Amino acid sequence: MKIEHIAMYVVELERARDFFVKYLGGKSNDGYHNVKTDFRSYFISFEGGARLELMTKPEIIDADKPLNRTGYAHIAFSVGSKGKVDELTERLRADGYEVVSGPRTTGDGYYESCIVAVEGNQIEITV
């Protein structure tokens, strides 16, 4: 068994899609639009087969997302090396994203950084 995809509701669909394509190498499909409900989505595919479905609909509410909360904590992306973790973290920081930790080696041996992006959700960048 494998996880087929992870889905995420967002308010700004194209902006979220552009983030995952620009910074994390995702490939987007052409999108889907249900004209009856105005539901819209994109599937973003990543190297290795992982997929992320980004979705929106008119009644979506962007509630507060404290970093320490129940539910999904972050999405982690492996970029292949410590140097690439450092490079992408600095690129995101320079582009105005909040880096909340790292780059660092964690107590359980991961080299990672965490940023807040895509409407307050954490993205972890790891080797």
Side-chain angles (χ1 to χ4, degrees):
M1 190 177 303
K2 70 175 186 171
I3 294 174
E4 205 293 320
H5 71 272
I6 295 170
M8 176 181 191
Y9 269 115
V10 297
V11 174
E12 296 183 50
L13 184 61
E14 282 74 22
R15 186 173 181 184
R17 177 200 58 200
D18 293 348
F19 174 87
F20 288 103
V21 169
K22 177 179 180 178
Y23 294 106
L24 297 165
K27 306 285 186 224
S28 178
N29 70 352
D30 292 333
Y32 168 74
H33 180 213
N34 181 321
V35 294
K36 185 183 263 188
T37 64
D38 206 20
F39 170 86
R40 296 173 185 267
S41 69
Y42 289 105
F43 271 95
I44 312 297
S45 300
F46 299 93
E47 191 175 311
R51 295 190 323 148
L52 174 64
E53 182 180 15
L54 299 173
M55 310 174 299
T56 197
K57 55 187 175 181
E59 64 271 16
I60 282 298
I61 297 168
D62 190 13
D64 288 338
K65 297 176 202 75
L67 293 181
N68 295 312
R69 66 181 190 263
T70 59
Y72 298 106
H74 61 259
I75 302 173
F77 289 85
S78 172
V79 294
S81 71
K82 286 182 177 182
K84 288 182 180 179
V85 171
D86 294 345
E87 180 182 302
L88 182 54
T89 301
E90 289 312 310
R91 180 177 172 205
L92 288 161
R93 185 189 323 268
D95 286 353
Y97 291 96
E98 178 187 1
V99 177
V100 292
S101 68
R104 66 189 179 105
T105 301
T106 63
D108 56 357
Y110 280 91
Y111 189 77
E112 67 181 34
S113 65
C114 285
I115 61 150
V116 176
V118 189
E119 300 176 11
N121 292 287
Q122 279 194 82
I123 306 295
E124 181 179 289
I125 305 161
T126 188
V127 174

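In this chain, residues are counted from 1 in sequence order. These figures come from a predicted structure and were not determined experimentally.
Put simply, Phe77 and Ile3 are part of the same group of oily side chains (I, L, V, M, F, W, Y) that touch within less than 4.5 Å, one to the next. Hydrophobic clustering (ILVMFWY, side-chain heavy atoms < 4.5 Å, transitive): Met8 and Tyr32 are in distinct clusters.
Under the 3.5 Å distance criterion, the side-chain polar atoms of Ser78 are matched with a main-chain donor or acceptor of Val127. In this structure, the side chain of Glu53 does not engage the main chain of His5 through any donor-acceptor pair within 3.5 Å. Looking at Glu112, its side chain never comes within 3.5 Å of a backbone N or O of Thr106 through a donor-acceptor pair. A donor-acceptor pair under 3.5 Å is formed between the side chain of Lys65 and the backbone N or O of Glu119. With hydrogens and angles disregarded, a donor-acceptor distance shorter than 3.5 Å links the side chain of Asn29 to the backbone of Phe43. Between the side chain of Ser101 and the main chain of Ser113, no donor-acceptor pair closer than 3.5 Å is present.
Smallest separation of non-hydrogen atoms from Phe46 and Leu52: CE1-CB, 4.0 Å. Closest non-hydrogen pair, Ser41 versus Leu13, comes out as N-CD2, 4.0 Å. Of all heavy-atom pairs between Arg93 and Gly102, the closest is NH2-O, 4.2 Å. Closest approach of Gln122 to Cys114, counting heavy atoms only: OE1-CB, 3.4 Å.
With rounding to the nearest 0.5 Å, the separation of CD in Glu59 from CZ in Phe39 is 10.5 Å. Taking CZ of Arg51 as the start and NZ of Lys27 as the end, the distance is 15.5 Å to the nearest 0.5 Å. Taken to the nearest 0.5 Å, the CD atom of Glu90 stands 10.0 Å off from the CG atom of Leu88. Interatomic distance, Tyr111 OH to Thr126 OG1, rounded to the nearest 0.5 Å: 10.0 Å. Expressed to the nearest 0.5 Å, how far CZ of Arg40 lies from CD1 of Ile60 amounts to 13.5 Å.
Two residues are said to be in side-chain contact when any heavy atoms from C-beta on lie closer than 4.5 Å; Ile44 and Leu54 meet this criterion. Side-chain contact between Val118 and Phe20 is present, with heavy atoms from C-beta onward closer than 4.5 Å.
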(message) Is there a side chain to side chain contact (heavy atoms under 4.5 Å, CB included) between Leu24 and Phe19? Walk through the geometry before answering.
(response) CA-CA 7 Å; Leu24 297 165; Phe19 174 87; 3.8 Å; yes
(request) Would you check, one step at a time, whether the test side chain to side chain contact (heavy atoms under 4.5 Å, CB included) holds for Lys22 with Asp95? (result) CA-CA 12 Å; Lys22 177 179 180 178; Asp95 286 353; 4.1 Å; yes
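Residue-environment remark: CZ (Arg15) stays at or below the threshold of 12 foreign heavy atoms within 6.0 Å. Within 6.0 Å of the CG atom in Asn68, the count of heavy atoms belonging to other residues, nucleotides or ligands does not exceed 12. Crowding of Glu47 atom CD: a count of heavy atoms from other residues, nucleotides or ligands under 6.0 Å not exceeding 12. Other residues, nucleotides and ligands place no more than 12 heavy atoms under 6.0 Å from the CG atom of Asp30.
Proximity of the aromatic rings of Tyr97 and Tyr23 is defined here by a centroid distance below 6.0 angstrom, and this criterion is met.
Using a 4.0 Å cut-off between a side-chain N of Lys or Arg and a carboxylate O of Asp or Glu, Lys84 and Glu87 do not qualify as a salt bridge.
Screening Ile123, Val116, Ile115 for a side-chain contact (heavy atoms from CB on, under 4.5 Å) involving Leu92 leaves a single residue, Ile115.
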